[in-house]
Student: 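Attaching a single structure in structure tokens format; questions to follow.
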Amino acid sequence: MMSRGPALVVVTRGGGGVFARTAALGLSRPATPIELVDTVGAGDSFTAGLLDGLGRADLLGGANRAALAAVDESTLKSVLDEAGRIAAITCSRPGADPPTRAELDAD
């Protein structure tokens, strides 16, 4: 069924982490533990981090659909963990205040 649908499906579950699925791979990752301050912007931050990570791995765009569908577990873990980390940072401070690239690189 996924061969005719999306190459990758990602479902966020708040404090329950994230689940991702390709035709060949199903992967769950835990949420990054934080002291919750505000959930505004969590989903947007996660999605931005996901797209950034997939872009850095050269997995975005129609020409890369087959590569995205065949993404290896290590790459997908890394992308999901970074997106989760971005969302966690956003939720650890008031307002929709996602981290900058400099903040992420400094950690």
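On a predicted model such as this, the values are computed, not experimentally measured, just so you know.
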Student: Any Lys/Arg nitrogen of Arg93 or Glu103 sitting under 4.0 Å from an Asp/Glu carboxylate oxygen of the other?
Tutor: yes
Student: Using side-chain heavy atoms (C-beta onward) and a distance below 4.5 Å, is Val79 in contact with Leu59?
Tutor: no
Student: Evaluate the criterion side chain to side chain contact (heavy atoms under 4.5 Å, CB included) for residue pair Thr22 and Leu68; output intermediate values, then yes/no.
Tutor: CA-CA 8 Å; Thr22 66; Leu68 178 59; over 6 Å; no
Student: Does Val18 reach the side chain of Arg13, with side-chain heavy atoms less than 4.5 Å apart?
Tutor: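 They are not in side-chain contact.
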Student: Once rounded to the nearest 0.5 Å, what's the spacing between atom CZ of Arg21 and atom CG of Leu76?
Tutor: 11.0 Å
Student: Scan side-chain atoms only and decide if Asp81 and Ser78 contain a donor-acceptor pair under the 3.5 Å cut-off.
Tutor: no
Student: If we only count heavy atoms from C-beta on, is the Phe46 to Val10 side-chain gap below 4.5 Å?
Tutor: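 Of all side-chain heavy-atom pairs linking Val10 with Phe46, at least one is under 4.5 Å.
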Student: Report yes if some heavy atom in the side chain of Thr90 is under 4.5 Å from a heavy atom in the side chain of Pro99; otherwise report no.
Tutor: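 Yes, close enough: below the 4.5 Å cut-off.
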Student: Check whether any side-chain N or O of Asp72 sits under 3.5 Å from a backbone N or O of Thr75 as a donor-acceptor pair, and report yes or no.
Tutor: yes
Student: Could you tell me if the side chain of Lys77 sits less than 4.5 Å from the side chain of Leu27, heavy atoms only?
Tutor: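 Side chain of Leu27 against side chain of Lys77, heavy atoms only: contact under 4.5 Å found.
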Student: Are the side chain of Asp38 and the backbone of Cys91 linked by a donor-acceptor contact shorter than 3.5 Å?
Tutor: no
Student: Does any part of the side chain of Thr47, heavy atoms only, come nearer than 4.5 Å to the side chain of Thr12, both counted from C-beta?
Tutor: no
Student: Salt-bridged, Arg101 to Asp105, with N to O below 4.0 Å?
Tutor: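 A salt bridge links Arg101 with Asp105.
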Student: Are Val37 and Val40 joined in one hydrophobic group, where the rule is that I, L, V, M, F, W and Y side chains link up if heavy atoms are under 4.5 Å apart?
Tutor: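 Result: no, two separate clusters.
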Student: What residue among Asp97, Thr100, Leu104, Ile34 forms side-chain contact (heavy atoms from CB on, under 4.5 Å) with Ile89?
Tutor: Leu104
